[in-house]
**Student:** 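Take this structure, written in structure tokens, and hold onto it; I'll ask about it next.
Every number for a ligand or one of its atoms is a count from 1 in the order of the listing. Because the structure is a prediction, the values reported are computed rather than measured.
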Amino acid sequence: MSAHAEVLKDSRAATAFNVDRIREDFPILREKVHGKPLVYLDNAATSQKPKAVIDSLVDYYTHYNANVHRAVHLLSTRATAACDDSREKVRRFINAGSTNEIVFVRGTTEGLNLVAQTHGRQNIGPGDEVLISGLEHHSNIVPWQILCEEKQARLRVVHIDDRGVVPLDEFEKALHERTRLVAISHVSNALGTVNPLADMIKMAHRWNAPVVVDGAQAAPHMHVDVRALDADFYAFSGHKLFGPTGIGVLYGKEALFNAMPPFQGGGDMIRSVTFEKTTYNDLPYKFEAGTPDIAGIIGIGAAIDYVNDVGMDAIAAYEQELLEYATDAVSQLEGVRIIGTAPNKASVISFVVDNAHPHDVGTVLDREGIAVRTGHHCAQPVMDRFGIAATTRASLAFYNTREEVDALIAGIRRVQEFFS
Ligand code: 7TS
């Protein structure tokens, strides 16, 4: 080992972040794929689960499975208390002011659709505008398209530049008195661009336009403080945050939530029902019709505990270091072009390889045990902007290592040999 490498190893060992130790918490990382150790670089699609999260699900189903809010019996009381605890954990995790502002949904997609179908339908009319960016995932485009079509409103787009940045001056210019709502991602899933959200929200608020944030790719990688951001709504998914699938969070300012009509009707979201009139339950239950994903709620709470134990600052710092390492390594490969070169990025490297279709790149990498996503990443307008149909995307989490990045580089070299 070179002296430089020794020093580097020492300095890494000196930090509290011990990736080898962390990897032991994720049973799936011991799996073999095609006889090779799994190198999981598809974390933007969904991340792996620590044993603590898996155990929390088994514990619930084994020891206290019951419906919530409905019975006085002990198991139901325990399940209800566990869900209340999780809501409080989520509140603290994003620094919301009250648990009334934390609504459990299926995921980011449902959170965004909830806002479109309630706040959106109530407040947007003919000639109004909804402003989005050219970076958005389909789930932060299509709900607004549906709404705008229904209301004869206009969907306006701030396009990205060649680096994959939403130019702040263009964003500011696109706002005006008919802008009724802004919907923007915190971090792009296809390119990794981190948006200057606090500035954007300030600009939108000057026009009294509330801002809906798609936080799917931010919540797993950085501190989110909805009050510091002054976000009006903020949605994220449990399954990208090392929690279970089927559960997500929609944060909304209490005054906005109170003014909104319900999303779905059913059990738990009502106070009283007669055939003449129904009155609705208090927040947050007004937006949670039907039996919730109880196991999912418990699981997302366990995931937040886990992330807090590792430490979000340590996670963010480690991932930035790993992203830099990977970006340098991919940049040095001839015939490979990184798509998305914003100065402020998180955990995503999208790239194209000369003479090789991303699908073929993904297939060759898979044979090496390396999981990446290939395709348009549910962000077709981003692909269109760069004049390509698809990319190969490696997306990192805090349990990934430099050795895994080296395996990716070797894998890309193998692809190039194959297709040369
Ligand atoms: N918004 C962003 C920015 C996303 O990355 C995703 C999922 C969603 C919304 C939707 O989240 P869901 O949990 O409701 O499905 N992104 C990806 C991806 O990049 N690859 O697979 C799913």
**Student:** Hey, what polar pairs (N/O, under 3.5 Å) does ligand 1 make with protein?
**Tutor:**
{"unit_1": "ligand 1", "atom_1": "1 (N)", "unit_2": "Asp214", "atom_2": "OD1", "d": "3.1"}
{"unit_1": "ligand 1", "atom_1": "1 (N)", "unit_2": "Asp214", "atom_2": "OD2", "d": "2.5"}
{"unit_1": "ligand 1", "atom_1": "5 (O)", "unit_2": "Gln217", "atom_2": "NE2", "d": "2.7"}
{"unit_1": "ligand 1", "atom_1": "13 (O)", "unit_2": "Ser237", "atom_2": "OG", "d": "2.7"}
{"unit_1": "ligand 1", "atom_1": "13 (O)", "unit_2": "His239", "atom_2": "NE2", "d": "2.7"}
{"unit_1": "ligand 1", "atom_1": "14 (O)", "unit_2": "Thr108", "atom_2": "N", "d": "3.4"}
{"unit_1": "ligand 1", "atom_1": "14 (O)", "unit_2": "Thr109", "atom_2": "N", "d": "2.9"}
{"unit_1": "ligand 1", "atom_1": "14 (O)", "unit_2": "Thr109", "atom_2": "OG1", "d": "2.5"}
{"unit_1": "ligand 1", "atom_1": "16 (N)", "unit_2": "His137", "atom_2": "NE2", "d": "3.4"}
{"unit_1": "ligand 1", "atom_1": "16 (N)", "unit_2": "Lys240", "atom_2": "NZ", "d": "2.9"}
{"unit_1": "ligand 1", "atom_1": "19 (O)", "unit_2": "Asn189", "atom_2": "ND2", "d": "2.8"}
{"unit_1": "ligand 1", "atom_1": "19 (O)", "unit_2": "Arg393", "atom_2": "NH1", "d": "2.7"}
{"unit_1": "ligand 1", "atom_1": "19 (O)", "unit_2": "Arg393", "atom_2": "NH2", "d": "3.3"}
{"unit_1": "ligand 1", "atom_1": "20 (N)", "unit_2": "Arg373", "atom_2": "NH1", "d": "2.5"}
{"unit_1": "ligand 1", "atom_1": "20 (N)", "unit_2": "Arg393", "atom_2": "NH2", "d": "3.2"}
{"unit_1": "ligand 1", "atom_1": "21 (O)", "unit_2": "Arg373", "atom_2": "NH1", "d": "2.9"}

**Student:** Can you name the one residue among Asp268, Thr291, Thr80 that meets side chain to side chain donor-acceptor pair (under 3.5 Å) with Asn67?
**Tutor:** Thr291
**Student:** Are the side chains of Asp313 and His223 in touch, meaning some heavy atoms are under 4.5 Å apart?
**Tutor:** yes
**Student:** For the aromatic rings, using the six-membered ring if either is Trp, is the centroid distance between His186 and Phe236 under 6.0 Å?
**Tutor:** no
**Student:** Could you give all pairs that pass the side chain to side chain donor-acceptor pair (under 3.5 Å) test and reach residues 189-202, with sequence neighbours left out?
**Tutor:** none
**Student:** Got a sec, which residues hit side chain to side chain donor-acceptor pair (under 3.5 Å) with Glu254, two or more places apart in sequence or on another chain?
**Tutor:** Asn100
**Student:** Not counting sequence neighbours, which residues clear side chain to side chain donor-acceptor pair (under 3.5 Å) with Glu136? List them please.
**Tutor:** Ser133, Asn140, Ser185
